[in-house]
Every structure is written in structure tokens, then in C-alpha cells.
Amino acid sequence: MRKFFSNQRLVMIVVILVLCFGLMGGSVALRNRRSTPPLIQQFGNDIVGFTSTVVAYPVNAFQSGVNSLSELTNAYQENRLLKKQVTELAQVKVRNQTLTEENKQLKKELKLNHSLTDYTTVTASVMTRTPSSWQNQLIINKGETSGVTKNMPVLSGSGLVGRISEVNKTNSKVELLSDSNEASNRFAIQISNKSGKTVNGIITGYQKSTGLLLMGHVTSKVKVTKGTKVITSGMGGVTPKGLYVGKVAKVSEDDYGLAKKIYIKPATNFNNINIVTVAELDS
Amino acid sequence: MYRLSKLKYVFPIGLLIAFFLDGALSNVFSGAFFSYPYSMVSHLVLLWLVLGYFFENEVQIPLTGFAVVTGIAFDLYYSGILGLFMVLFPLIIGLTRAIGKYFSPTFLTAIMIYFIDLAVFEFANYLAYMIIGIAHASFSSFLLYTLAPTLALNLVYFVVLYFPISLLYAHYNVEPRS
């Protein structure tokens, strides 16, 4: 034991510890401040990402094979249900088209070029997930070259799932809403009830035990009922307006009884994401 | 000699596959691995490195060097926070060497040492992330919900992969005739 803690060794250990924590602290600070990581880190990530696809591809193919097998078993039932929806969808689509046309014309008349609901999307597939219990992070196969930038909202399935946290040239990292990092789920959202009144706020947290998103510090008197749809409000200028977040699951008073807390059931299961859409606000 | 052995190709390729499988499996089985409240973390890289120590025999694979390189790649690619795994992987190699030299390498001692490695690895990971403010879990919930399931998963890996990998090493760990 005495030999292990000889002077030289001790100095080495302390130096390594200091370096290690310095690097960690530095990279956390850097990640929060800069829009892209340093060039050398990007370069490394791009190379690793490229080789990653070689290994990830067969694994993903296996998964999709298993998935399609299990889907096959209830395909008939599903097909009947979906057929009914498709006929309705055609009507909605046509109506949507005419409304979009009208909207465009009206905007032109008002000389309004880009509003908060105009956004373009980049579709990407998920390569891997960080193997860690402390970070809920996905790595997707689109990066700076496809127009992805930091802080863009990421959608999957029918709703919002997270935010771009790091951008490299050909891949980027997505922090899921379930991540414990405080910056990851602060989205400006709004809830409109049946009478057309709106409650504005932000997502303030994620409750792991129930899988619900939290909208805290709501002082508005507007009545919100269970099942109301929650969408992003577009305030803050990074996130477009009208991205679907989920439905209200529960409304309760906060710890001091002064404000309300609204629990939101997210529209997408964060643990089964293969394809994501990155939304970019037009400006 | 590592440089003359065929392991010079086999070891890095295995390491690469283990590295990417960690992420790919975490993604594909995320429903099972990260179902609340448990979270199982796949550590195939660690398994490959530690088994490298047990099976290297006379070959002397430069494990510490490989550990540092994979650690850096792990930091950059998976977590985005530089500085943790690049130190932790070589540390675990050192720990395995320090304990391993007192035992003759059998399946039972190997799994015991790997158990200690995993516990130290996860604990150091938790501690470091706690200090820089990424993990927010109490120590007891860490023990119950992260450490225990992670140990379970990785020991299953170990049991399943020990003999295939030992056969692989037996096949390639032959000195070429000079």
C-alpha cells in the first residue's frame, strides 16, 4: 500500500483527476455555449458515425424484421380500422389544401412573409442511443450539411420528442424530453380549451415515474380539462408554432397552492424511436 | 508478441463491434433497457477489454492504449462530454490487472473480477456525473435502479460470451511459425 501511494504516483493521480474534471466541466460549458463543437471533435464524430452505420445497420434490420413479424399478426384488424380513417383523411387533406392555399393568399395580401407556423423539415433516422443511464440521448444521421442547427425541435411519431443538442457535419445528437438536463425540455407551449381561451407556459420538467411532462407555475384562471391537446406556442423564436406535444393528463395545484401544475401525456413513446423529423423555422 | 499474432486484427475489430453494439443495442432495446425505474446499461466494450486481459496469455495486447482510444471515442460520440471514459476505461484495465495477478484465470475468478470492475465503473460514472451535475439520483436509487440491473445484464453478457470469446482467442492466439 505504501508503495502505491508513493509521492510520484499521488501527484500523477491528482493531476489526472484535475485534468479529467477540468475537461468534463469545460466540455459541458462549451456544449451549452457554442452552436457547434470544436472542429476536431466534429471530425472525430463524423468518422465514428460513418463506421457506426456499418454495425448499426444489421441490428436495425433485425429489429425491423421482428417488428414487422409482430405487426403481421394483427394486420387484418388494423387494416379495417385504418381503411375507415383513410376515407375521412382524404376529405381532411383536401380541405387542408384549400385552407393552405387561402392562407398563402391572405398572407400575401398582408405582406406577411414568414409566420411562426412556417417550417421545413429534415427527416433523419436514429443511428444509436447513448448507453448510459444518466443521459437520454439519440444520435441521428443528419447534421450540418443537411441544415440541422443546434436547438432545433425534433419530432417523432405524432409529437415532439426533444431538441438538437450537438451538431456535427454528418450526424447530430438529440436530447430527449425525458433527459434530466434542464435545458433539454424547456419548450414554450400552449393549451387552448373548448371556449378558445389559451394558457401559455413552458415545459418545466419530466416526471420519470409516470412518464408525464410537467407544465408548472401556471397562474392563469383558464379552465383546462383532461384530454385537451397541447401544442408548441412558437414563442422564443426557435421552435415553430403548432407542433403537437401531447394531451393534458391531469391538472393539480402546486405545492404552495398558488399556481397550477398541468401534467401532459407525451404523444410519443420516448423509448421506441427510429425515425425523427427535425423542424426548422423559416426565416 | 502482439505484433506477430493474428490478434492484432481480431482484437481491434472486436473492440469496434462491441463499441457500436453498445449504442445499437441501447437504441433497439431501449424499451426493455430503460423501462422505468430500472435502467440497464450495456457495457460490451468493457467486457471485450477485460476478457482481452484474461485471454491474452503471452501475447500482451496493449490494452491501456486501446482503452484510452475507445474511451475518447466513447466520450465524443456517445456522451458528448469529454474526460470521463477516457480515464475510466484504462482505470478498469489497471484494476483488473491489479486484482487478476493474484488469481489463476478461471471462469469463476474472471466473473468475480468482472463483477468488481462493473461496480467500480458504474459507481465512478455516477459520482463524476453527479459532481458535474448531469445525474440527479440519490445514492440508494442509483444502487437499486441502475447498478443492480446493469450488473445483471452485463453478467448475463459475460456468461453467454465467455466461452465463445475464449474459443475465438484459442483459435487466433497462435504464434506463426517463423
Side-chain angles (χ1 to χ4, degrees), chain A residues 4 16-17 19-28 30-31 37 40-42 44-45 47-49 51-60 62-63 66 126-139 165-166 171 173 178-182 208-211 269-274, chain B residues 16-45 72-88 90-91 98 122 125-126 128-137 141-142 145-147 149-150:
Chain A
F4 183 77
I16 287 176
L17 269 181
L19 260 178
C20 172
F21 276 100
L23 266 175
M24 268 192 269
S27 53
V28 169
L30 211 67
R31 193 176 63 155
I40 180 107
Q41 188 172 345
Q42 273 187 49
N45 275 338
I47 290 180
V48 177
T51 25
S52 167
T53 43
V54 179
V55 177
Y57 184 78
V59 180
N60 288 341
F62 172 75
Q63 186 208 17
V66 171
V126 177
M127 294 203 288
T128 55
R129 180 185 170 119
T130 304
S132 164
S133 50
W134 315 116
Q135 291 178 299
N136 290 331
Q137 229 172 30
L138 300 175
I139 294 145
S165 67
E166 185 191 307
N171 57 50
K173 292 191 176 74
S178 53
D179 195 277
S180 57
N181 182 0
E182 269 132 26
K208 275 204 168 136
S209 54
T210 50
N269 176 7
F270 296 135
N271 275 341
N272 189 13
I273 300 172
N274 292 316
Chain B
L16 215 65
I17 292 174
F19 178 82
F20 292 121
L21 271 185
D22 269 345
L25 291 178
S26 302
N27 181 35
V28 169
F29 298 111
S30 54
F33 282 10
F34 301 106
S35 69
Y36 185 83
Y38 303 102
S39 56
M40 297 191 269
V41 188
S42 159
H43 287 309
L44 282 170
V45 173
I72 292 173
F74 211 95
D75 276 336
L76 288 180
Y77 186 60
Y78 282 133
S79 68
I81 298 162
L82 199 66
L84 177 65
F85 292 104
M86 56 185 278
V87 178
L88 220 48
L91 183 88
E122 274 298 308
N125 187 350
Y126 165 72
Y129 276 2
M130 194 81 175
I131 290 170
I132 58 170
I134 286 178
H136 307 274
S141 66
F142 156 71
Y145 300 135
T146 298
L147 186 62
T150 302

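Note on naming: letters A, B, ... go to the chains in the order of the sequence lines (proteins, then strands), and numbering restarts at 1 for each one.
- For A/Leu17, no part lies near chain B; criterion is any non-hydrogen pair under 4.5 Å.
- The heavy-atom pair separating B/Phe74 from A/Pro131 by the smallest distance is CZ-CG, 3.7 Å.
- Between A/Glu166 and B/Leu76, the shortest heavy-atom contact is OE2-O, 4.5 Å.
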Distance-only donor-acceptor hits, side chain of residues 17-24 of chain B, under 3.5 Å, sequence neighbours excluded:
from, atom 1, to, atom 2, distance (Å)
B/Asp22, OD1, B/Ser42, OG, 2.7
B/Asp22, OD1, B/Leu44, N, 2.8
B/Asp22, OD2, B/Leu44, N, 3.4
B/Asp22, OD2, B/Val45, N, 3.4

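- Looking at A/Asn272, the atoms closer than 4.5 Å to chain B (heavy atoms on both sides) all sit in the backbone: N, CA, C or O.
- Here the straight-line distance linking atom OH of B/Tyr145 with atom OG of A/Ser133 works out to 14.0 Å at 0.5 Å rounding.
- Contacts between B/Met40 and chain A at a heavy-atom distance below 4.5 Å are absent for every atom of the residue.
- Between B/Ser26 and A/Arg129, the closest heavy-atom pair is O-CD, 3.5 Å.
- For A/Asn171, the part lying near chain B is the side chain, with the backbone staying farther off; criterion is any non-hydrogen pair under 4.5 Å.
- A side chain to side chain contact (heavy atoms under 4.5 Å, CB included) with A/Leu23 is found for exactly one of B/Leu82, B/Asp75, B/Val87, namely B/Leu82.
- Across A/Trp134 and B/Ile134, no two heavy atoms sit closer than the pair O-CG2, 4.0 Å.
- Of the possible polar contacts, one joining the B/Ser30 side chain to the A/Asn271 backbone as a donor-acceptor pair under 3.5 Å is found.
- Nearest heavy-atom pair across B/Tyr78 and A/Thr128 is CE2-OG1, 3.6 Å.
- Using a 4.5 Å cut-off between heavy atoms, B/Ser79 contacts chain A through both its backbone and its side chain.
- Of all heavy-atom pairs spanning A/Ser132 and B/Phe34, the tightest one is O-CE2, 3.5 Å.
- Only the side chain of B/Ile131 comes within contact range of chain A, with at least one heavy atom under 4.5 Å from a heavy atom of that chain.
- For A/Lys208, the parts lying under 4.5 angstrom from a heavy atom of chain B are both the backbone and the side chain.
- Looking at B/Tyr77, the atoms closer than 4.5 Å to chain A (heavy atoms on both sides) sit in the backbone and in the side chain alike.
- Using a 4.5 Å cut-off between heavy atoms, B/Val28 contacts chain A through both its backbone and its side chain.
- In the displayed structure, A/Phe21 atom CZ is contacted under 6.0 Å by more than 12 heavy atoms of other residues, nucleotides or ligands.
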